[in-house]
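Following: one structure in structure tokens, then a few remarks.
In what follows, chains carry the letters A, B, and so on, assigned in the order in which the sequence lines appear, proteins first and then strands, with residues in each chain numbered from 1. Everything numeric in this text was worked out from a predicted model, so none of it was measured.
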Amino acid sequence: MVLPRCFYIRSDVVAIARELLGKTLYSQVDGILTGGIITETEAYAGITDRASHAWNGRRTERTEIMYGAGGTAYIYLCYGVHSLFNVVTNRKEIPHAVLVRAIQPVEGMAAILERLGKKKYDNRITSGPGKVTKALGIHYSQTGADLTKKPSGLQENAIWIEDRKFDLSEYRLEVTPRIGVSYAGKDAGLPFRFLLHIK
DNA sequence: CGGCCGATCCACT
DNA sequence: GTGGATCGGCCGA
């Protein structure tokens with residue numbers, strides 16, 4: 001089942017970040033289907049969150065997509081090198097988002113290895129937000145993509161998220177502060193990062 | 001318009 | 001453990 005708009009437009013971005021664990025993120029780029037189970041996320045809570053690009057109501061051409069209704073992608077360039085993929089949540093004018101930091105590949109492994117320049121799979125090659133987008137062929141130019149639409153044909157490029165009822169009983173949930181946000185003052189310590197670990 | 005810096009990654013020591 | 005890559009976005013002048 002493709003996650004519907006109503007999953008995303010809810011108001012609790014921290015709950016959505018937690019619930020995205022175990023869902024499957026797919027991309028279809030140039031006719032190649034790749035996907036993985038989401039295993040690490042971080043919540044960014046909009047204008048009151050100093051770690052968010054929308055902190056204090058900051059609203060620019062880049063961040064505009066976060067001010068639209070949830071269920072779209074906010075993808076931006078980090079360190080001049082890496083595209084970072086976020087899920088926009090909440091209703092119009094509330095700029096919440098969830099950063100996807102790690103996946104476990106389940107579809108298109110050969111293409112994923114090729115894109116990452118790896119010969120063999122190990123469970124770290126798609127651990128890290130820059131590596132997730134590289135593996136899935138996601139580029140910051142795709143910011144604004146509608147995540148609720150599965151492509152109808154191979155020629156259509158798309159990014160979407162499905163609930164494949166992945167069994168999480170063999171995993172435990174870890175909750176920690178977010179990574180790389182030491183500039184965020186008191187918000188740097190918020191428990192907004194969620195990870196799955198094998199038991 | 002100039003300058004600083006980042007929700008990172010990898011090679012190298 | 002550390003430092004360099006790399007460049008668009010943002011802010012202040």
Side-chain angles (χ1 to χ4, degrees), chain A residues 8 12-21 23 25 27 34 36 38-68 70-90 94-105 112-145 147 159 161 174-196:
Chain A
Y8 298 105
D12 189 345
V13 66
V14 177
I16 294 173
R18 191 173 57 234
E19 291 170 29
L20 279 170
L21 296 177
K23 304 296 191 289
L25 174 62
S27 72
T34 49
I38 296 170
T39 56
E40 182 178 342
T41 60
E42 285 176 358
Y44 286 85
I47 66 173
T48 61
D49 180 357
R50 298 182 86 93
S52 170
H53 291 167
W55 174 66
N56 201 27
R58 191 155 51 122
R59 186 165 183 158
T60 66
E61 193 172 346
R62 179 177 72 149
T63 60
E64 186 62 27
I65 189 64
M66 281 200 285
Y67 288 83
T72 60
Y74 170 52
I75 312 168
Y76 69 93
L77 183 66
C78 189
Y79 291 97
V81 182
H82 308 287
S83 287
L84 268 55
F85 172 82
N86 299 256
V87 174
V88 175
T89 72
N90 215 312
I94 313 286
H96 289 181
V98 176
L99 173 67
V100 175
R101 295 189 52 90
I103 60 171
Q104 175 183 313
I112 288 172
L113 290 173
E114 170 76 22
R115 286 173 181 150
L116 294 171
K118 303 288 184 188
K119 291 238 179 340
K120 284 183 58 178
Y121 173 75
D122 79 62
N123 62 4
R124 295 185 298 275
I125 63 168
T126 48
S127 180
K131 294 192 271 190
V132 168
T133 55
K134 192 174 181 186
L136 298 182
I138 293 172
H139 185 262
Y140 67 89
S141 61
Q142 295 162 73
T143 193
L147 300 175
I159 308 167
I161 301 176
E174 183 182 4
V175 184
T176 80
R178 294 168 293 185
I179 301 295
V181 297
S182 55
Y183 57 86
K186 63 179 171 46
D187 294 331
L190 293 172
F192 282 6
R193 176 178 179 235
F194 301 93
L195 310 84
L196 293 179

Q.
Measuring only between side-chain heavy atoms, which start at C-beta, is A:D187 closer than 4.5 Å to A:Y44?
A. no
(Q) Can you pull out every side-chain hydrogen bond (donor to acceptor under 3.5 Å, both in side chains) where at least one residue sits in residues 131-145 of chain A? Sequence neighbours excluded, please. (A) A:H139-A:S141
Q. Among residues 180-193 of chain A, which contact DNA chain B at a heavy-atom distance under 4.0 Å?
A. A:G180, A:V181, A:Y183
Q | Nearest heavy-atom neighbours spanning A:P177 and A:G189 | A | CG-O, 3.8 Å
Q.
Strictly by salt bridge (charged side-chain N to carboxylate O under 4.0 Å, His left out), give each pair with a member in residues 43-53 of chain A just once, sequence neighbours left out.
A. A:D49-A:R178
Q: Dump the intermediate steps for side-chain contact (heavy atoms from CB on, under 4.5 Å) on A:V14 and A:L190, then the final yes or no.
A: CA-CA 10 Å; A:V14 177; A:L190 293 172; over 6 Å; no
Q.
Given a 3.5 Å cut-off on both pairing distances, which stems involving DNA chain C, each at least three consecutive Watson-Crick or G-U pairs, are present, if any?
A. B:1-6 with C:7-12, B:8-12 with C:1-5
(Q) A:R59: which residues meet the side chain to side chain donor-acceptor pair (under 3.5 Å) condition with it, sequence neighbours left out? (A) A:E64, A:E93
Q: May I ask you to list the residues of residues 72-84 of chain A, by number, that have any heavy atom positioned under 4.0 Å from an atom of DNA chain C?
A: A:L77, A:Y79, A:G80, A:V81
Q: Specify the closest pair of heavy atoms between A:S127 and A:N123, including all atoms of both residues, with the distance to one decimal.
A: CB-O, 4.3 Å
**Q.** Verdict with supporting geometry, A:L99 and A:L84, side-chain contact (heavy atoms from CB on, under 4.5 Å)
**A.** CA-CA 7 Å; A:L99 173 67; A:L84 268 55; 4.1 Å; yes
Q: Under 4.0 Å from any heavy atom of chain A: name the first and the last nucleotide of DNA chain B that qualifies, 5' to 3'.
A: B:dG6 to B:dC10
**Q.** Shortest non-hydrogen contact between A:Y8 and A:L147, atoms and distance
**A.** OH-CB, 4.2 Å
Q.
Give me the atom names and distance for the closest heavy-atom approach of A:V88 to A:A73.
A. CG2-C, 4.3 Å
Q) What residues form a ring-ring contact (aromatic ring centres under 6.0 Å, His included) with A:H82, not counting sequence neighbours? A) none
Q.
Does A:I125 form a side-chain contact (heavy atoms from CB on, under 4.5 Å) with A:L113? I'd like the steps, not just the answer.
A. CA-CA 9 Å; A:I125 63 168; A:L113 290 173; 3.7 Å; yes
Q. Should the heavy atoms of other residues, nucleotides or ligands under 6.0 Å from CD1 of A:I179 be counted, would the total exceed 12?
A. yes
Q | Residues that A:Y76 engages under ring-ring contact (aromatic ring centres under 6.0 Å, His included), provided they are two or more places apart | A | A:H53, A:Y74
Q | Any residue of residues 122-134 of chain A with a heavy atom less than 4.0 Å from an atom of DNA chain B | A | A:G128, A:P129, A:G130, A:K131
Q | Within residues 59-68 of chain A, residues whose heavy atoms come under 4.0 Å of DNA chain C | A | A:T60, A:R62, A:T63
Q. On a whole-Å scale, what distance lies between the C1' atoms belonging to C:dG1 and B:dA7?
A. 22 Å
Atom pairs and distances, donor-acceptor, side-chain atoms in residues 114-122 of chain A, under 3.5 Å, two or more places apart:
residue	atom	partner	partner atom	Å
A:R115	NH1	A:T34	OG1	3.2
A:R115	NH1	A:A135	O	2.9
A:R115	NH1	A:L136	O	3.4
A:D122	OD1	A:R124	N	2.7

Q.
Go through it in stages, so that I can follow the logic: the residues are A:I65 and A:Y67, the test is side-chain contact (heavy atoms from CB on, under 4.5 Å), and I'd like the CA-CA distance, side-chain angles, deciding distance and then a yes or no.
A. CA-CA 5 Å; A:I65 189 64; A:Y67 288 83; over 6 Å; no
(Q) Show the nearest heavy-atom pair for residues A:A97 and A:N86, with the distance to one decimal. (A) CB-CB, 4.2 Å
